[in-house]
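Below is one structure, written out as structure tokens; the observations come after it.
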Amino acid sequence: MSLIAEKTTDLQQEIRRLVKERNAVMLAHNYQRDEIQQIADIAGDSLALSMEAARTDAEVILFCGVHFMAESAAILSPQKTVLLPHMEAGCPMADMITPEKLREKKAELGPDIPVVTYVNSSAEVKAESDICCTSANAVAVVNSLPGDSVFMTPDMNLAKYVARHTKKKVDWWKGFCPTHHQLKAQTVIEMKETHPGAKVVAHPECAPDILDLADHICSTSGMYAYAKKENAKKFIIATEAGILYRLRKENPDKEFILVSEDMLCPNMKVTTLEDIHEALVEMKHVITVPEDIRLRAKMTLDRMLAVPRD
Ligand code: 13P
Ligand code: SF4
């Protein structure tokens, strides 16, 4: 959805002017700072942003998110210029698996067990995989595969969540998102006691004992849909703090409480309006992927995009 705010600062207006001048589309992940989401053309989850990157006719994709997301855009749209405003915006979970380690694991697994890789991964790791998934389509992706076993990487929590919702045998790499994984069940229990009747909504990157306490488990975009349709007036949100901006904006009559102040991804917050402005002025940092890797990684993203959503 387009989020361009009615009242914007001079810097925000200058960014919008440059976006137009450069024939760019400004994509922002749901965890970006409020002032960035406010002026994005599209804000969304990893799946929605990948799909937008694949179909946009803009010449420049300004990706306000983390490195693997901009890389996915470069894989899907090699003819476009993909800009990542801050080069230190990485993803520690994506860094928990390397192509070498995945190749070793594949040799151990043999040829019959498909490797399903969360989009939170490098292009090289995607290139070593059979298919990608996001938190919005992981169950559907796993169910779409032949055979009765899959191996998921890098997020063990997403894999454990999928294992509960498929008949297939799911094995996994032991990676995790530090922001979601540090959340303790006791924190959720205490929040539920403090806010009786509130619905707990959790991202599948949380550990299974957290998901056991949730009323609803979904991707970041799934949270907007749930908040809108659910009759409850109060929600406890177990994902990164950036999600609150739009939840509150779109549902002014409902209350959204972050489960813990520690739900902050430093990588998602590193990008500022100043970085975005500089990126558009200097046309930096251009994200590219070597062609041989891009073609193999693209196949895994294309296979994912062809799977109907849950
Ligand atoms: P989604 O936006 O796909 O739910 O993913 C969350 C996330 O952690 C992205 O880094
Ligand atoms: Fe990576 Fe977690 Fe940050 Fe998402 S929230 S970018 S998975 S570290």
Side-chain angles (χ1 to χ4, degrees), residues 1 27-33 36-37 40 42-53 63-73 84-97 116-122 125-126 132-141 152-159 161-162 173-183 201-207 210-211 214 216-227 237-247 258-260 262-271 301 304-305 307 309-310:
M1 69 170 284
L27 306 182
H29 187 265
N30 293 326
Y31 296 161
Q32 289 289 285
R33 292 167 181 265
I36 294 173
Q37 294 193 46
I42 315 267
D45 64 6
S46 309
L47 180 58
L49 297 180
S50 302
M51 288 167 78
E52 188 54 35
F63 217 118
C64 307
V66 293
H67 189 269
F68 75 81
M69 297 179 174
E71 225 181 29
S72 294
L84 182 69
H86 200 303
M87 273 310 267
E88 271 155 46
C91 170
M93 170 159 69
D95 295 340
M96 288 178 190
I97 179 112
V116 181
T117 292
Y118 193 22
V119 285
N120 298 36
S121 54
S122 69
V125 166
K126 288 184 178 77
C132 280
C133 73
T134 73
S135 60
N137 63 13
V139 175
V141 164
M152 294 187 73
T153 182
D155 187 11
M156 65 174 172
N157 288 327
L158 181 66
Y161 165 75
V162 170
W173 190 258
K174 289 194 183 129
F176 57 88
C177 162
T179 303
H180 289 84
H181 194 67
Q182 53 77 33
L183 179 61
V201 191
H203 194 278
E205 287 175 14
C206 294
I210 304 294
L211 301 186
H216 192 63
I217 301 159
C218 55
S219 75
T220 54
S221 288
M223 291 189 189
Y224 298 116
Y226 178 73
I237 303 297
T239 195
E240 211 275 347
I243 190 98
L244 294 174
Y245 166 68
R246 238 170 89 199
L247 280 174
L258 195 63
V259 69
S260 147
D262 296 334
M263 299 302 286
L264 272 175
C265 171
N267 293 276
M268 280 287 182
K269 295 295 184 272
V270 80
T271 304
L301 285 169
M304 170 187 87
L305 293 171
V307 173
R309 289 193 78 162
D310 289 321

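Numbering of ligands and ligand atoms starts at 1, following listing order. Index from 1, following the sequence.
- The atoms of ligand 2 that sit less than 4.0 Å from any heavy atom of Tyr31 are 5 (S).
- A 4.5 Å side-chain heavy-atom check between Met304 and Val119 finds at least one atom pair inside the cut-off.
- Lys126 is listed as a side-chain neighbour of Ser72, based on a closest heavy-atom distance under 4.5 Å.
- Residues Leu49 and Phe63 form a side-chain contact, since some pair of their non-hydrogen atoms from C-beta on lies under 4.5 Å apart.
- At most 12 non-hydrogen atoms from other residues, nucleotides or ligands lie less than 6.0 angstrom from CD of Glu88.
- Each of the following atoms of ligand 1 lies closer than 4.0 Å to a heavy atom of Met69: 9 (C), 10 (O).
- Of all the atoms in ligand 2, the ones that sit under 4.0 Å from a non-hydrogen atom of Glu205 are 2 (Fe), 7 (S).
- Using a 4.0 angstrom heavy-atom cutoff, Cys177 does not count as in contact with ligand 1.
- Of all heavy-atom pairs spanning Ile36 and Ala28, the tightest one is CG2-CB, 4.2 Å.
- Heavy-atom proximity to atom 7 (C) of ligand 1, evaluated over Glu205, Met268, His180, is greatest for Glu205.
- Atom 2 (O) of ligand 1 has its closest protein heavy atom at His29 NE2, 2.6 Å.
- Remark: minimum distance from atom 8 (S) of ligand 2 to any protein heavy atom is reached at Pro92 CD, 3.4 Å.
- Interface atoms of ligand 2 facing Met93, defined by a heavy-atom separation under 4.0 Å, are 7 (S).
- For Glu205 (side chain) and Cys177 (main-chain N/O), no donor-acceptor pair under 3.5 Å exists by modelled atom type.
- Which parts of ligand 1 touch Thr220 is read off a 4.0 Å heavy-atom cut-off, strictly below it: atoms 1 (P), 2 (O), 4 (O).
- Looking only at side-chain heavy atoms (C-beta outward), His203 and Met223 come within less than 4.5 Å of each other.
- Here Cys265 fails the criterion, with no N, O or S atom under 2.8 Å of atom 1 (Fe) of ligand 2.
- Closest to atom 2 (Fe) of ligand 2, if we only count protein heavy atoms, is Cys177 SG, 2.3 Å.
- Side-chain contact between Leu183 and Ser260: present, with at least one pair of heavy atoms (C-beta onward) separated by less than 4.5 Å.
- With hydrogens left out, the protein atom closest to atom 3 (O) of ligand 1 is Ser46 OG, 3.0 Å, a heavy atom.
- Residue His203 places at least one N or O, backbone or side chain, under 3.5 Å from an N or O of ligand 1.
- Asn267 places a side-chain N or O within 3.5 Å of a backbone atom of Gly90 that can act as its donor or acceptor partner.
- Contact analysis leaves Glu240 out of contact with ligand 2, as no non-hydrogen atom separation drops below 4.0 angstrom.
- Close contacts between ligand 1 and Tyr118 involve ligand atoms 5 (O) [criterion: under 4.0 Å to a heavy atom].
- For atom 7 (S) of ligand 2, the nearest protein heavy atom (residue, atom name, distance) is Asn120 ND2, 3.1 Å.
- Residues Asn30 and Tyr224 meet the side-chain proximity criterion, which asks for heavy atoms closer than 4.5 Å.
- Distances below 4.0 Å separate heavy atoms of Ser219 from the following atoms of ligand 1: 4 (O).
- Nearest residue to atom 10 (O) of ligand 1 from Asn120, Val66, Thr134, Asn30 is Asn120 (criterion: closest heavy atom).
- Checked by distance only, ligand 1 and Asp45 stay at 3.5 Å or farther apart across all their nitrogen or oxygen atoms.
- Side-chain contact between Val141 and Thr134 is absent, with no heavy atoms from C-beta onward closer than 4.5 Å.
- Of all the atoms in ligand 1, the ones that sit under 4.0 Å from a non-hydrogen atom of Ser135 are 1 (P), 3 (O), 4 (O).
- Residue-ligand proximity: Met93 is placed with every non-hydrogen atom at 4.0 Å or more from ligand 1.
- Judged by distance alone, with hydrogens and angles left aside, the side-chain atoms of Thr271 form no donor-acceptor pair with the main-chain N or O of Cys64 at under 3.5 Å.
- No side-chain donor from either of Ser46 and Tyr118 sits under 3.5 Å from a side-chain acceptor of the other.
- Scanning all protein heavy atoms for the shortest distance to atom 1 (Fe) of ligand 2 gives Cys91 SG, 2.4 Å.
- In this structure, the side chain of Gln32 does not engage the main chain of Gln37 through any donor-acceptor pair within 3.5 Å.
- Under 4.0 Å from ligand 1, not a single heavy atom of Glu240 appears.
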